[in-house]
Amino acid sequence: GINAEYMGTRKTVLDHLKPPLRNDARKIRDESPLLAFFLLRERSAGATSEFARWIAILPKQIPGAVVWDDQTLQALEQGRAISRVRQARAHYDAEYSDVYAHVLRPNFDGPTIQRWYSQAAYLWARLLIDTRAWTLQGHKYFVPVADMFNHAPDVEDFEYDWRKDTGQRSQKFLVYHKLLTKAGKDVTLSLSDGSDLDTTYAVVKSDRYCRAGQQLFEAYGDPSNAEIVDYHGFVPDWNPYECHGVYRLPFDNVYNPDGNSLAQDRRALIRRLGMYNPHPPNERDRVLCLHEGELSPKLVAYFMIGSADRTAMTRCTAAANVAQLATCSRDKAHQARAYLDLEQWIDRELAVFSTTLEQDVERLRTATGNIRSAIAYRATIKRILRSIQRLVRVERNRLSAGKATAAANS
């Protein structure tokens, strides 16, 4: 275990500082900027720091998307992803301004700030906190050495099935990362703000079997590719938790309150079944998240409503759930229109990219570094959309074959 005296919390950081620096540091309300400042302070102390050996082996650069140059960032070719990274940059810039005003300017001279506490140095430390600190009960803890494990999928990752997801995977961190008292009592979920850490130590348990001398890995939970690329700067070759977030669906007439009665009825049904677009669109409220190889019943149902005429709406208005909605209309022509609209929507989603999936796959053979991560990120989205497109075409062909058979029998 890692003794509490070597763990970083708001309390232990403030305890290390002396007035007036301690008084000024208290003005930093958020824990992450305070821990980042403390990390920089300990790095400036060199070999005299209690954390010197740990700091010496920390990565000198953090490859997260927030530090990418604009050309690499644009290679994501997803406006929402690019905007998300730029918002993160602005957030870190604002944090640094706060730390500079309250702590750095009153306590350090210009050359010292430039050497040890520059904005670039702060971003390095801040990203280390984001990618390595534990978050328990809403509080941050940096735990030296326990943060050194690289990611690799574990058995549960390989067995994961999004169709049966219970939402418990995100709690797995608490199974393998514990705060224990010297008597062995688990206080992981009962510590408040780190003030009772004096008799505590941190324990990390392996989430897999390994041989002596092998590198130890751990699974990073259930993050999406967006989370991984934003914070860690890479895209895993395989991620069972990845899905393509849909934040806006295309039928404006469904949402037009001034439209005709059919449009209003479509809108009412969409809202009752919980499939409406958030207004305005935002990062938190996804309409859907689409998995590779999944023809989502919710997605199909949305397009069924969007293409419904008055006769179909009469049949479908009473549908109690998405499953009933998918089968309420027996009109093959209506179903065919819905699948055609869905296929065309996927075509538009793919058209925003400057390259095809095949071209990305070819580029990935030789691409390296951050540009490789950007290409891999967009290629995954294309792979998901293309897999759904294939399933849509199967359904369209099935409907066409059924119509041809019906016509031949008539």
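Just so it is clear, the values below take in all heavy atoms, side chains as well, and ignore hydrogens, waters and symmetry mates.
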- Could you tell me the separation between the CD atom of E218 and the OG atom of S206, rounded to the nearest 0.5 Å? 9.0 Å
- Return the minimal non-hydrogen interatomic distance between V143 and A202, and the atom names on each side. CG1-CB, 3.8 Å
- Query: Could you state the interatomic distance from OG1 (T9) to CG (L34), rounded to the nearest 0.5 Å?
  - Reply: 9.0 Å
- Of the options D147, I62, L123, which is the one that meets L128 in a side-chain contact (heavy atoms from CB on, under 4.5 Å)? I62
- Note on the structure: Rounded to the nearest 0.5 angstrom, the CD1-NE2 distance for I28 and H102 is 8.5 Å
- Listed partners of T131 passing side-chain contact (heavy atoms from CB on, under 4.5 Å), at least two apart: Y231, H232
- Query: Where does the angle between the aromatic ring planes of H177 and W134 fall among parallel (under 30°), tilted (30 to 60°) and perpendicular (over 60°)?
  - Reply: perpendicular
- Task: Check whether the ring centres of Y117 and Y100 lie less than 6.0 Å apart, and answer yes or no.
- Result: no
- Query: Would you say R43's side chain and I55's backbone share a donor-acceptor pair under 3.5 angstrom?
  - Reply: no
- Message: Under a 3.5 Å threshold, yes or no: a donor from one side chain and an acceptor from the other, between Y176 and D154?
- Response: no
- Message: Other residues, nucleotides and ligands only: do more than 12 of their heavy atoms fall within 6.0 Å of NZ on K27?
- Response: yes
- Starting at CG of N107, measure out to CG of L21 and round the result to the nearest 0.5 Å. 4.5 Å
- Output all residues satisfying side chain to side chain donor-acceptor pair (under 3.5 Å) with D109, sequence neighbours left out; order by chain, then residue number. T112
- Query: Do other residues, nucleotides or ligands put more than 12 heavy atoms under 6.0 Å from the CG atom of D237?
  - Reply: no
- Between atom CG of D341 and atom CE of M304, what is the distance when rounded to the nearest 0.5 Å? 11.0 Å
- Task: Examine F142 together with W54 and report whether their ring centres are nearer than 6.0 Å.
- Result: yes
- L73 pairs by side-chain contact (heavy atoms from CB on, under 4.5 Å) with which of V66, I82, V67? I82
- Query: F51 vs Y6 aromatic rings, parallel, tilted or perpendicular, using cut-offs 30° and 60°?
  - Reply: perpendicular
- Item | Exceeds 12 heavy-atom contacts within 6.0 angstrom, atom CZ of R315 | yes
- Item | Side-chain (R10) to main-chain (E31) donor-acceptor, under 3.5 angstrom | no
- Task: Under the salt bridge (Lys or Arg N to Asp or Glu O under 4.0 Å) rule, collect the residues that match up with R26, sequence neighbours excluded.
- Result: none
- Contacts of type side chain to side chain donor-acceptor pair (under 3.5 Å), residue S83, not counting sequence neighbours: Q87
- Message: Can you classify the ring geometry of F158 versus W238 as parallel (below 30°), tilted (30 to 60°) or perpendicular (above 60°)?
- Response: parallel
- Any side-chain heavy atom of F303 within less than 4.5 Å of one from V392? no
- Under the side chain to side chain contact (heavy atoms under 4.5 Å, CB included) criterion, do H139 and K11 qualify, and how do the steps go? CA-CA 11 Å; H139 295 285; K11 180 182 183 301; over 6 Å; no
- Pair D70 + R89: basic N to acidic O under 4.0 Å: yes
- Message: Whether the side chain of T317 engages the backbone of D265 through a donor-acceptor N/O pair (distance < 3.5 Å, no angle test) should be reported.
- Response: no
- Query: Just by modelled atom types, is the R383 backbone N or O under 3.5 Å from a matching donor or acceptor in the E292 side chain?
  - Reply: no
- Q344, CD atom: more than 12 neighbouring heavy atoms under 6.0 Å: yes
- Starting at CD of E349, measure out to CD of Q389 and round the result to the nearest 0.5 Å. 11.5 Å
- Item | Crowding at CD, Q214 (>12 non-hydrogen neighbours, <6.0 Å) | yes
- Item | For N150, all residues meeting side chain to side chain donor-acceptor pair (under 3.5 Å), sequence neighbours excluded | none
- Task: Check whether any side-chain heavy atom of I384 sits under 4.5 Å from a side-chain heavy atom of E294, and report yes or no.
- Result: no
- Item | Set of side chain to side chain donor-acceptor pair (under 3.5 Å) partners for D360, sequence neighbours left out | T355, R378, K382
- Query: Parallel, tilted or perpendicular: which fits the ring planes of F38 and H16, with parallel below 30° and perpendicular above 60°?
  - Reply: perpendicular
